[in-house]
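Right, one structure below, let's go through it.
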2 protein chains.
Amino acid sequence: MEPETTSVTIHNVAKSAGVSISTVSRVVNNLGRVAPETRKKVENAIRKLDFYPNSRAQALSRKRNDTIGLIVPDFEGQYFAMLMEGAHEEANSNGVNIMVLKAKGAESQIDVVKKVCSQGRTDGVILMLSELFDQVLEKIGNISGPLVILDKDVNLWHLDNILVDNRLGAFEATRHFTDVHGIKNVFFVGGSEHNVDTTARAKGFVDALASVKIDPQDKKFFCNNYSYDEGYRIACEKVVPLINSREHYGIVAGNDDIACGIIDALMDKGINVPQQVGVAGFDDSDIAIHRRLKLTTMRIPTKEIGRIAVRMIINRLSGQVSEPSKVILKARLIVRDSCGCGKNQNQ
Amino acid sequence: MEPETTSVTIHNVAKSAGVSISTVSRVVNNLGRVAPETRKKVENAIRKLDFYPNSRAQALSRKRNDTIGLIVPDFEGQYFAMLMEGAHEEANSNGVNIMVLKAKGAESQIDVVKKVCSQGRTDGVILMLSELFDQVLEKIGNISGPLVILDKDVNLWHLDNILVDNRLGAFEATRHFTDVHGIKNVFFVGGSEHNVDTTARAKGFVDALASVKIDPQDKKFFCNNYSYDEGYRIACEKVVPLINSREHYGIVAGNDDIACGIIDALMDKGINVPQQVGVAGFDDSDIAIHRRLKLTTMRIPTKEIGRIAVRMIINRLSGQVSEPSKVILKARLIVRDSCGCGKNQNQ
DNA sequence: TCCGACTATGAAAACGTTTTTATATATTTG
DNA sequence: CAAATATATAAAAACGTTTTCATAGTCGGA
């Protein structure tokens with residue numbers, strides 16, 4: 001009934017080596033001075049007994065867990081995986097662990113953050129906010145440990161903040177069509193109109209056209225969400241009717257899913273992509289290179305975001321850095337075939 | 001220099017409510033009998049002081065962390081995300097957390113498992129093994145807590161085990177071509193020949209052909225890895241030369257990436273897909289529905305695997321279940337367009 | 001009215017570390 | 001050579017809970 005193999009503690013090691021537990025602790029943590037022969041005795045005992053310090057006791061005593069919480073609204077797409085990749089890389093090389101939590105609605109996010117921090121389960125938290133983020137921020141101002149907010153521009157309080165310049169990204173994608181391809185008819189098909197990312201990207205699009213003296217009027221469309229199906233739908237309903245077979249066009253999509261939907265819709269309507277209509281996506285997700293027509297897209301440095309977020313927390317914990325900071329990363333245009341630059345350029 | 005807001009402990013609550021810490025603990029954990037008015041006093045104090053029990057102290061005292069470790073070789077593709085989805089769902093509804101760890105090589109996996117278990121950082125571990133898994137298993141037989149092995153058939157020791165019947169999956173995909181489409185010329189293009197999944201799928205393919213009296217000789221090909229590019233390469237080098245324009249063909253691919261590579265290769269060589277050659281993938285990953293020609297593919301119940309894995313650990317921890325078990329899940333054929341069943345069936 | 005059983009609560013031990021403080025012993029200094 | 005100082009180690013306190021054990025107080029029955 002009790003197969004519970006009681007594990008070996010620092011006391012066992014101390015006894016076996018004929019020293020006190022303080023000495024063992026000093027050896028394990030490389031602290032203070034220990035006579036060479038004593039150290040050897042202790043190290044032998046540790047090896048003999050296969051001793052690993054109990055992390056629960058360490059956590060209590062040291063008042064830290066060596067654990068960072070990563071709170072995301074969902075695990076969909078590959079954003080989460082990339083974020084994890086970067087975060088884990090940085091965390092691992094600093095001996096800290098990552099606990100993944102999911103919290104979608106504002107309620108849930110407030111709950112999870114408060115709980116996890118107040119309980120001392122993590123030493124710091126990386127939070128990817130959902131849409132209603134001002135409500136969340138309002139309530140978590142007084143939490144204890146370091147807190148990094150991702151992807152939403154947060155000016156309040158002493159919070160670290162990492163974001164991507166979406167406006168600039170869409171600006172560059174748009175100017176790629178106007179400048180490199182000499183196209184005057186550029187459209188924008190974004191995600192939900194109330195999404196802050198979409199808003200920023202739409203602004204970049206407008207700014208880009210304005211900067212080359214093109215009227216952006218009636219050239220912006222919005223999907224209900226960031227999905228392939230919505231991209232397909234909007235392309236059929238809004239874009240196709242505007243296409244004149246004698247002109248060339250460019251479309252800046254809100255993300256790669258939408259871009260793919262658009263491309264397939266256009267093709268299904270017999271329109272030549274990318275010869276007559278070039279399309280650019282956003283995110284550089286997996287699907288960008290897993291299609292016949294490789295997607296030109298703006299790459300979001302997601303892995304980098306994860307890495308920096310962990311770095312920020314570690315810095316704050318180590319006391320080296322006390323001031324909160326805001327990091328703004330750029331998206332980068334990855335030119336492939338769907339804009340008309342690539343292998344399918346000349347038919 | 002010390003903005004460390006020292007958090008409120010059970011002692012503060014006890015003092016504020018005018019009772020002992022044992023009473024507070026009893027109220028918090030709903031244990032033993034507490035007089036209604038005492039309970040009210042304590043609850044008020046808890047609310048007033050915004051008390052959250054320190055999870056580190058709880059962990060030490062209770063000898064558990066309410067944390068499950070999920071060890072994966074990488075975060076690529078969407079396998080990890082789906083696994084996480086299921087695992088988190090089950091974990092969350094049981095009040096346990098998930099710590100994600102990465103360990104790729106055999107060395108690393110042994111290290112991580114031993115460390116995480118011996119330290120008591122997690123109460124149980126879900127382990128997704130890399131290729132050289134016998135070496136790993138050999139060394140981690142004596143670890144303490146519950147351990148669930150994913151995706152590799154493990155017969156040794158007292159380990160829980162969840163796997164997918166890859167043989168049966170490939171069998172069904174193959175028979176779909178022979179039975180539904182009446183195709184005799186079916187090929188298999190798997191991943192690395194030394195991969196156990198590939199081996200099982202290849203066997204399913206051979207068994208299926210044998211079961212309908214077709215000679216599987218010279219119909220199996222292998223990629224160096226599970227990538228789009230390899231699928232493209234093998235299709236060009238091995239498959240295309242075998243295609244006779246008067247015959248119909250079916251191809252069972254090792255995964256969706258390979259399937260996409262094959263399809264694009266065939267199309268680039270001017271072969272009609274799916275009219276002349278049908279292709280089926282494996283995994284039902286994102287890309288299956290993000291292409292113009294929707295992929296027919298075997299869906300692996302990854303989310304379910306995550307859910308069951310967590311369930312197993314929780315059951316073992318609760319002492320309800322003591323015997324290790326092996327769960328074998330089936331892949332399910334998702335019929336879309338690339339096999340020739342769908343919208344593009346008749347040209 | 002007295003005794004046993006039960007109830008509500010408090011006191012104290014335990015969990016396994018880290019860290020501070022104390023104490024021998026060895027080494028230097030005047 | 002005694003006093004001051006270093007050095008190596010041990011003893012004990014602390015971390016914040018849970019849990020066992022002890023102790024008053026209450027109740028019902030003889």
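None of these values were measured; they are calculated from a predicted model. Below, read A as the first sequence line, B as the second, and so on, with proteins coming before strands; counting in each chain starts at 1.
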May I have the distance from [X] (atom [atom1]) to [N] (atom [atom2]), rounded to whole angstrom?
| X | N | atom1 | atom2 | answer |
| --- | --- | --- | --- | --- |
| B/Asn12 | D/dT17 | CG | P | 9 Å |
| B/Arg33 | C/dT7 | CZ | P | 6 Å |
| A/Leu49 | C/dG16 | CG | P | 15 Å |
| A/Tyr52 | C/dG16 | OH | P | 18 Å |
| B/Arg56 | C/dT18 | CZ | P | 14 Å |
| A/Arg64 | D/dG16 | CZ | C1' | 18 Å |
| A/Ile10 | D/dT9 | CD1 | P | 15 Å |

Any side-chain N or O of [X] less than 4.0 Å from the OP1 or OP2 oxygen of [N]?
| X | N | result |
| --- | --- | --- |
| A/Arg62 | C/dT18 | yes |
| A/Lys63 | D/dG16 | yes |
| A/Gln58 | C/dT18 | yes |
| A/Asn54 | C/dC15 | no |

For [Y], does its backbone N or O pair with a side-chain atom of [X] as donor and acceptor, under 3.5 Å?
| X | Y | value |
| --- | --- | --- |
| B/Asp160 | B/Ser325 | yes |
| B/Asn65 | B/Asp123 | no |
| A/Asn161 | A/Ile149 | yes |
| B/Ser118 | B/Lys115 | no |
| B/Glu90 | B/Val310 | no |
| B/Ser61 | B/Gln58 | no |

More 5' along DNA chain D: A/Val19 or B/Ala57, using each one's nearest nucleotide?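 Whichever sits nearer the 5' end wins; that is A/Val19.
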For a stem of at least 3 consecutive Watson-Crick or G-U pairs with distances under 3.5 Å, i pairing with j, i+1 with j-1 and so on, which stems involve DNA chain C?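 Stems (3+ consecutive pairs) listed as C:1-30 with D:1-30.
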Tell me what [X] touches on the nucleic acid: a base, only sugar-phosphate, or nothing, going by heavy atoms under 4.0 Å.
| X | answer |
| --- | --- |
| A/Arg26 | base |
| B/Ser25 | base |
| A/Leu31 | sugar-phosphate |

Does a distance-only test, which skips hydrogens and angles, find a donor-acceptor pair under 3.5 Å between the side chain of A/Thr23 and the base of D/dA10?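 Counting by modelled atom types and ignoring angles, no donor-acceptor contact under 3.5 Å is found here.
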Stepwise, does the side chain to side chain contact (heavy atoms under 4.5 Å, CB included) test hold for A/Asn29 with A/Arg62? CA-CA 12 Å; A/Asn29 298 300; A/Arg62 293 171 166 168; 3.1 Å; yes
